[in-house]
Amino acid sequence: MAKPISLWTTLTEPLIRQNPVTLQILGICSALAVTTSVATAVTMSASLTVVIVLSALLVSLIRRHIPDSIRLIVQIVIVASLVIVIDQFLQAYFFDISKRLSVFVSLITTNCLVLGRTESFSRNNPPLPSMVDALGNGLGYSLVLIVIGSLRELFGTGKLLGYQLFATTDQGGWFEPLNLMLLAPSAFFLIGGLVWAIRSVLPEQVEAAEFTPPDTEEAGR
Amino acid sequence: MADLNPISAWRRFLALPNENRFKTVAIAFIVSAVCALMVSGATVVLRPIQAANRAAEQQARLEALVAGIPGMTQLLEQSGGALSTVVINLPKGRAADDITPETLPAALDNAANWKTLTPGEDTAGIGRRPDFVQIYLLRNDAGDIELALLPISGAGYVGPINGILALNGDMNTIAGLAITDQVETPGLGGRIEEPAFLAQFAGTEVADPSGNIRFAVAHGKAGNAYEVDGITGATRTSNALTRTIRFWLGPDGYGPLIAAIKRGEF
């Protein structure tokens, strides 16, 4: 039997080196929508992490008995049920935030990250490594969301977690809030910048060019 | 003799190959049953807390709605800081005799107290309408109604839209609108919750002098005193809002009540 990869590596790899958002570009849709403030980003990250860990556990527990022909349906049913439970929980205990997250909690069901991990990892591994892998991926996703959320909240409103850090001009301070930061495109730019930064530090993440342009003589040379 | 021991039967079942048709169906069934239990358990256990949250939310929206209408805060202070709550009999257009806000939920559990709407009548898309509705009134010192807060509901583009419509004492000018509950597309139809959109409703007239209800959420800019600006990209939600408000102000909604208040009988 091949030497199993250590649990610690399984947990820490997805944080930066194998980060699901910046390397595999998964889960972008929710990252664009819920990162306008740190509170929503944290709630979304926590919900996703709980869903991904629990679905990893459940799928991994019954992995030997999932018929191949219906494996995706079984996985989606499990994920969707967990998402409904989490959504109900948020509506009960975090009512304000659950309204700001609106449909995005329900959309965790179709988050490629969750399905991707259950399909590729939990289906083939015992419960403990599956949960650790899911936790690592959940935390990697959370890390990106919280970084983007902090940047957007700080520069969009001058606040962080609701505390006014920069005094804005309409309160007599110096900071002019950047409204662009509160719109979805800014998250796109920020994630792009983050991907660029990580790939500058870790050049092995840079994808090979899909095709090389033919080497032709340039006109006028 | 067949082995009836459930444990060994379970073992035999698990030992079947995964491609076995019976096992495929059984696994699908077991997974669905377990998930169904999980989902319904969570819903049932958490429902009271969610209902309390929604009630608190509705109360907050109501207070914000009244506070946002000029002159109403002072009036509210004069009347002792509370809106009077009245359960009305919708088809008769007057206060319900034997139903109080406490007994209202029990009364609404009785299907006899609901009117099933025919497709022609049901412009709001709600299917059936309760005969008894709890409304809120604010009266001035002379006892005249200054403000009526009327709960409304209708089918939006995605799901139900619930709100509270505030009418001024003349029963023809909207004083404000609060959306208490909606699940429209965020950023498009969901914008009906935004203060800038709701602020337009104040001062909009409902019916023309001959009594026709002309209120509408316009496509684009409002063209007359009966319209408010629509939301670009949210035509279906805007239309739903138009139909909902027209329904509730019409003969199957608060029409009889509004007529009674206008006659001074309330």
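Here is how names work: the chains are called A, B, and so on, in the same order as the sequence lines, proteins then strands, and each is numbered from 1.
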Report task. Return yes when atom CZ of Phe201(B) has more than 12 non-hydrogen atoms of other residues, nucleotides or ligands closer than 6.0 Å, and no otherwise. Result -> yes
Report task. Count the heavy atoms of every other residue, nucleotide or ligand shown that sit under 6.0 Å from CZ of Phe95(A), and state whether that count exceeds 12. Result -> yes
Query - Heavy-atom side-chain proximity of Tyr93(A) to Leu46(B) below 4.5 angstrom - result: yes
Query raised in the report: Hey, which of Val31(B), Thr24(B), Asn20(B) has the most heavy atom pairs under 4.5 Å with chain A?
Result: Thr24(B)
Report summary line: Of all heavy-atom pairs linking Ala92(A) and Asn53(B), the shortest is O-ND2, 2.8 Å
Query - Min side-chain heavy-atom separation Val85(A)-Met38(B) under 4.5 Å - result: yes
**Report entry** Candidates Val83(A), Ile84(A), Leu82(A) - the one meeting side chain to side chain contact (heavy atoms under 4.5 Å, CB included) with Val39(B)
**Finding:** Ile84(A)
**Report entry** From Ile76(A) atom CD1 to Cys35(B) atom SG, the distance as rounded to the nearest 0.5 Å
**Finding:** 12.0 Å
Query - Residue Ile78(A) versus chain B: region with a heavy atom under 4.5 Å - result: both
Report summary line: Within residues 51-66 of chain A, contacts to chain B at heavy-atom distances under 4.5 Å involve Ile62(A), Arg64(A), His65(A), Ile66(A)
Report task. State, with a plain yes or no, whether a side-chain heavy atom of Arg47(B) is found less than 4.5 Å away from one of Gln88(A). Result -> no
